[in-house]
Amino acid sequence: MKQYLLSLFTDIQDKFEYLDVNEVSFDIPKIETHGDYSTNIAMLIGRKTKKNPRETAQEIIYALRYDPTIISKIEVAGPGFINFFFSTDYVCKSISKILDGGTSFGRSDVNKGKRANVEFVSANPTGPLTVGHGRNAVSGDTMANLLEATGYEVDREYYFNNAGRQMRVLGNSVRLRYLELLGETTEFPEDHYQGEYIADIAKSLFEKHGNALVNEDPEGLFKAEAEMVIFNDISNTLGKIGIKHKVFFNENSLYDDGKISGLLDEFKNRGLSYEKDGAVWLKLSELGNEKDKVIVKNTGEPTYRLPDIAYHATKFDRGYDFIVDLFGSDHTATYPDVMAALDELGYDTTKMKVMIHQFVTIIKDGKAVKMSTRKANYITLDELIDWVGADVVRYFFNMRAISTHLNFDLNLAVKHSDENPVFYLQYAHARICSILRVTDQEGLKSDATKLTLLITDEEQKLIKKLLRFPDVVESAATVLDAVILCAYLEELAGTFHRFYTVCRIIGSEKELAEGRIALIHAVKLVISNGLGILGVTSPQKM
RNA sequence: GGGCCCGUAGCUCAAUCGGAUAGAGCAUCAGCCUUCUAAGCUGAGGGUUAGUGGUUCGAGUCCACUCGGGCUCACCA
């Protein structure tokens, strides 16, 4: 529909000095009487020509040569809007486009042939995934789905570090719990990992090796076992909500293949780094950032910054057209350093988009649950999934804009009731499936040639809503946020439920019934395509 | 103190590039099942969009300041 309107304006572009097709946009008015689509172009032109926008709008309408079987009315309204009304016949017939599109309706190929990399989760293997990681995991996977829906070939990537201080502490935490099992009294430092999972790992080591590990290095088997168990746990949890990364990128590999030392040399040769107090500093203040930062500590160990830069350089070197990083707001301060360095190294950072999601607050019994990874008083993502189910987890994390704080109300999520929006959508789908089972028994078929009979208000609204789906997917993919899609699907479900209460299928005249069956097939398709992008299932029955 | 994010109905949140009368859900109240799934539908009440000023044909949206909340400012990641 939008494309058709745009083509009309392209045809008349030459007739108006200030008319630029690139400036013409079409909105869907909030109020029905303002038409199916509306444009403010006459007001934009009016600003330049100082002419009354309403007059300009009228001149444009006279010039437009449109097919009256498609558009039933064009009018000037308000301060100079041009409103377009599509004919009911055209709206009805558009349903076949949806049915023909099938599972690919809503998808586009605007980015066909391009490759994208989405990095998300990227938690180091020091403990189970928390609810906060859950938001990252779900948002990242959904972003990847959205990009795929616009034609990208997407690699989902997980970056991790199994070296460094945190992992040493992890190994030692396991070692101390192990020694406790042997009856030794040990001091368990407060900065060590307090979680029960540490004791579990120690216990399994004790069962396998008895007391043979008394003198084992904390960085030896203790660390290795912990890493393996925890990683296994992480990927199991991700698997439960349908997430599978294609690439697990280990920070260590950057050392092994010389990327780190090469980068260090390059910084030095280009005069971008210097030594001070036994450490190596990067001249970020000269690259437009606030202050210089250490890239190699006086212990000789790099800070996270150096491998981070090297890592992102590999993403560019691997030839991606679009690179997405997703992390929580606690990392806000870190990425400008990486970006500045990459810029200086000559990488085109406009190809890269850093997405930051705000924190998740778990609300239980009306109160916020305080969480700390080290102290282990947190709710794990795994527990959450077991508790409320994968669909609810995925939907709850998708239904809020990632830039806003998310309150995850456990008491609400756990309710399998009408307070829970995900069921509202799934119910619409299940309801359609149920109708189709019954109509099938009655021998009624879907008949797209009867679509022009769908002229009631409820039917027309429903069809127009369905036709918006590709635009919604495209917008959601552009901003990399599924919240638009969730809002759309909830509207669509509502529009369907209203149709359902007013427009009966069984009991209607056969031709009308068969046209309506074609319509609900289209609704079913759009709901399940939409839920599919969100990673939520579309149940046949509820 | 500096940077980033946020503040919209009692609660949780929408609002397309700055568009026309700020919308949903929940909660509250009043209705609707002998008929395709009532996990549904209809109706009612509920707002100085935190505040003040500015930009313009038009501001929840952009700018400045103020207030309130979160995150962050490491030789941790």
Side-chain angles (χ1 to χ4, degrees), chain A residues 23 25-31 33-34 38-40 43 46-47 52-53 77-81 83 122-124 126 161 164-166 169 251 276-281 290-291 293-299 301-305 307-308 327-334 336 356-359 361 363 366 399-407 409 412 415-424 426-428 430-439 441-442 444 468 471-472 475 479 483-484 486-487 490-491 493-494 496-498 500-508 513 516-517 520 541-542:
Chain A
E23 279 183 2
S25 65
F26 300 98
D27 288 330
I28 294 165
K30 288 176 194 153
I31 297 159
T33 53
H34 294 160
S38 150
T39 182
N40 63 351
M43 277 129 77
R47 186 174 292 175
N52 182 344
F81 291 104
N83 296 338
S122 294
N124 287 339
T126 58
N161 175 15
R165 201 192 79 90
Q166 287 188 1
V169 172
E251 183 183 318
K276 194 181 90 180
D277 304 331
V280 182
W281 297 69
E290 208 165 323
K291 48 188 169 186
K293 295 276 174 67
V294 170
I295 50 176
V296 181
K297 303 182 225 172
N298 60 17
T299 60
E301 210 177 4
T303 64
Y304 72 91
R305 226 166 260 118
D308 241 28
F327 40 66
S329 61
D330 54 336
H331 283 61
T332 343
T334 69
I356 294 185
H357 66 83
Q358 297 298 310
F359 270 35
T361 307
I363 309 285
M399 73 179 179
R400 301 291 175 238
I402 62 166
S403 62
T404 66
H405 296 259
L406 173 69
N407 286 317
D409 186 333
L412 172 79
K415 277 187 207 168
H416 286 222
S417 76
D418 56 352
E419 290 173 55
N420 205 328
V422 60
F423 294 115
Y424 185 73
Q426 293 185 315
Y427 182 63
R431 206 175 210 185
I432 293 170
C433 292
S434 171
I435 298 168
L436 293 175
R437 279 190 295 270
V438 177
T439 53
Q441 282 170 8
E442 304 273 324
L444 292 163
R468 284 181 53 191
D471 282 344
V472 172
S475 313
V479 297
V483 66
I484 308 170
C486 291
E490 286 177 38
E491 279 172 31
F496 165 74
H497 287 309
R498 281 186 285 280
Y500 170 88
T501 45
V502 178
C503 303
R504 310 233 11 121
I505 293 174
I506 292 166
S508 293
R516 284 178 174 168
I517 292 172
I520 67 169
K541 267 184 194 171
M542 281 175 79

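What you see is a predicted model; the values in this text were computed from it and never measured. Below, read A as the first sequence line, B as the second, and so on, with proteins coming before strands; counting in each chain starts at 1.
- Phosphate contact (OP1/OP2 of B:C11, side-chain N/O of A:N407, threshold under 4.0 Å): absent.
- Checking the phosphate oxygens (OP1, OP2) of B:A24, no side-chain nitrogen or oxygen of A:Y424 falls inside 4.0 Å.
- Residue A:S403 is the one, among A:I28 and A:S403, whose nearest nucleotide of RNA chain B lies closer to the 5' end (criterion: closest heavy atom).
- Per the stacking criterion (ring centres < 5.5 Å, plane angle < 30°), A:F81 stacks onto the base of B:A20.
- A:D308 has its CG atom 15 Å from the C1' atom of B:A74, to the nearest Å.
- By the rule that a glycosidic angle within 90° of 0 means syn, B:C71 does not qualify and counts as anti.
- Taking 3.5 Å as the limit, the base of B:A20 and the side chain of A:N83 contain a donor-acceptor pair of atoms between them.
- The A:D277 side chain lies nearest to B:C75 when the options are B:C76, B:C57, B:C75.
- Across the P atoms, B:A20 and B:G58 are found 14 Å apart, a figure rounded to whole Å.
- Donor-acceptor pairing under 3.5 Å, judged by distance alone, is present between the side chain of A:S38 and the base of B:A20.
- Rounded to an integer number of Å, the gap from A:H357 NE2 to B:C71 C1' is 12 Å.
- Across all strands, A:R504 comes closer than 4.0 Å to base atoms (heavy-atom distances).
- B:C62 and B:U72 are spaced 25 Å apart, taking the P atom of each and rounding to whole Å.
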Any chance you could encode RNA chain B as dot-bracket? Rule is Watson-Crick or G-U wobble with both distances under 3.5 Å; [ ] for pairs crossing earlier ones, | for another strand.
(((((((..((((.....[...)))).(((((.......))))).....(((((..]....))))))))))))....
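- The base of B:C75 is not paired with the side chain of A:T299 by any donor and acceptor separated by under 3.5 Å.
- At the phosphate of B:C73, neither OP1 nor OP2 sits under 4.0 Å from any side-chain N or O atom of A:K291.
- The gap from the P atom of B:A38 to that of B:A59 amounts to 45 Å, rounded to the nearest Å.
- The side chain of A:R400 lies closest to B:C13, out of B:C13, B:C75, B:A77.
- At distances below 3.5 Å, not a single donor-acceptor pair connects side-chain atoms of A:W281 with backbone N or O atoms of A:I295.
- Of the P atoms belonging to B:A9 and B:A22, the separation is 15 Å, rounded to the nearest Å.
- Checking B:A38, B:A77, B:U12 against every side-chain atom of A:N161, the shortest atom distance belongs to B:A77.
- An aromatic stacking contact between A:H331 and the base of B:A77 is absent, as defined here by ring centres under 5.5 Å apart and ring planes under 30° from parallel.
- Atom CD of A:E290 sits in a sparse spot, with 12 or fewer heavy atoms from other residues, nucleotides or ligands closer than 6.0 Å.
- Side-chain proximity of A:Y427 to B:C41, B:A39, B:A77: nearest is B:A39.
- Taking atom CZ of A:F496 as the reference point, atom P of B:A24 lies 20 Å away to the nearest angstrom.
- Distance A:R468 CZ to B:U16 P: 11 Å, rounded to the nearest Å.
- In terms of phosphate contacts, A:R431 brings a side-chain nitrogen or oxygen within less than 4.0 Å of OP1 or OP2 of B:A38.
- Between B:C5 and A:S329, no contact under 4.0 Å exists linking OP1 or OP2 to a side-chain N or O.
- For A:F359, whose side chain is taken as the heavy atoms from C-beta onward, the closest listed nucleotide among B:C71, B:C17, B:A77 is B:C71.
- Partners of A:E23 under the salt bridge (charged side-chain N to carboxylate O under 4.0 Å, His left out) rule, at least two apart in sequence or in another chain, are A:K48.
- If you look at A:H497 and A:Y427, their ring centroids are closer than 6.0 Å.
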Residues A:F327, A:T332; criterion side chain to side chain contact (heavy atoms under 4.5 Å, CB included); working and verdict:
CA-CA 8 Å; A:F327 40 66; A:T332 343; over 6 Å; no
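- For A:D330, counting side-chain heavy atoms from C-beta on, the closest listed nucleotide (B:U72, B:A15, B:U16) is B:U72.
- Closest approach to the A:A401 side chain among B:A14, B:G40, B:U37 is made by B:A14 (side chain taken as heavy atoms from C-beta onward).
- Residue A:T404 places its side chain closer to B:A14 than to any other of B:A14, B:A77, B:U37.
- Rounded to an integer number of Å, the gap from CD of A:Q426 to C1' of B:G40 is 15 Å.
- Comparing B:A77, B:C36, B:C41 against the side chain of A:Y304 picks out B:A77 as the nearest.
- For B:U72, the OP1/OP2 oxygens have no side-chain nitrogen or oxygen of A:T332 closer than 4.0 Å.
- Atom CG of A:D471 and atom P of B:A15 are 16 Å apart (whole Å).
- With A:D27 contributing its side chain and A:S38 its backbone, the two residues share no donor-acceptor pair below 3.5 Å.
- A:N83 places a side-chain N or O within donor-acceptor distance of the main-chain N or O of A:H34, the cut-off being under 3.5 Å.
- Between B:C67 and B:G25, the distance separating the two C1' atoms is 30 Å to the nearest Å.
- Nucleotide B:C17 carries a syn base; the chi torsion (O4'-C1'-N9-C4 or O4'-C1'-N1-C2) is within 90° of 0.
- Scored by the side-chain hydrogen bond (donor to acceptor under 3.5 Å, both in side chains) test, A:T303 finds no partners at all (sequence neighbours excluded).
- For A:E491 and B:A15, the CD to C1' distance is 10 Å, given to the nearest whole Å.
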Kindly indicate, with the supporting measurements, whether the criterion side chain to side chain contact (heavy atoms under 4.5 Å, CB included) is fulfilled by A:L436 and A:T439.
CA-CA 5 Å; A:L436 293 175; A:T439 53; 4.2 Å; yes
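- Side-chain proximity of A:H405 to B:G70, B:C36, B:C76: nearest is B:G70.
- A distance-only check finds a donor-acceptor pair linking the side chain of A:R305 to the backbone of A:V294 [under 3.5 Å].
- Remark: the separation of the C1' atoms in B:G68 and B:A50 is 8 Å, to the nearest Å.
- The separation of B:U61 from B:C6, taken at their C1' atoms, amounts to 14 Å, rounded to a whole angstrom.
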Any chance you could lay out the side chain to side chain contact (heavy atoms under 4.5 Å, CB included) test for A:R504 and A:S508, step after step, and finish with the verdict?
CA-CA 6 Å; A:R504 310 233 11 121; A:S508 293; 4.3 Å; yes
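- Taking side-chain N and O atoms only, A:R437 has no distance below 4.0 Å to OP1 or OP2 of B:C36.
- At a cut-off of 3.5 angstrom, counting only N and O atoms as typed in the model, there is a donor on one side and an acceptor on the other between the side-chain of A:N40 and the base of B:G19.
- Mapping A:T439 and A:H497 onto RNA chain B by nearest heavy atom places A:T439 at the nucleotide closer to the 5' end.
- With rounding to whole Å, A:E442 atom CD is found 9 Å from B:C36 atom C1'.
- Between the P atoms of B:A14 and B:U28, the separation comes to 24 Å (whole Å).
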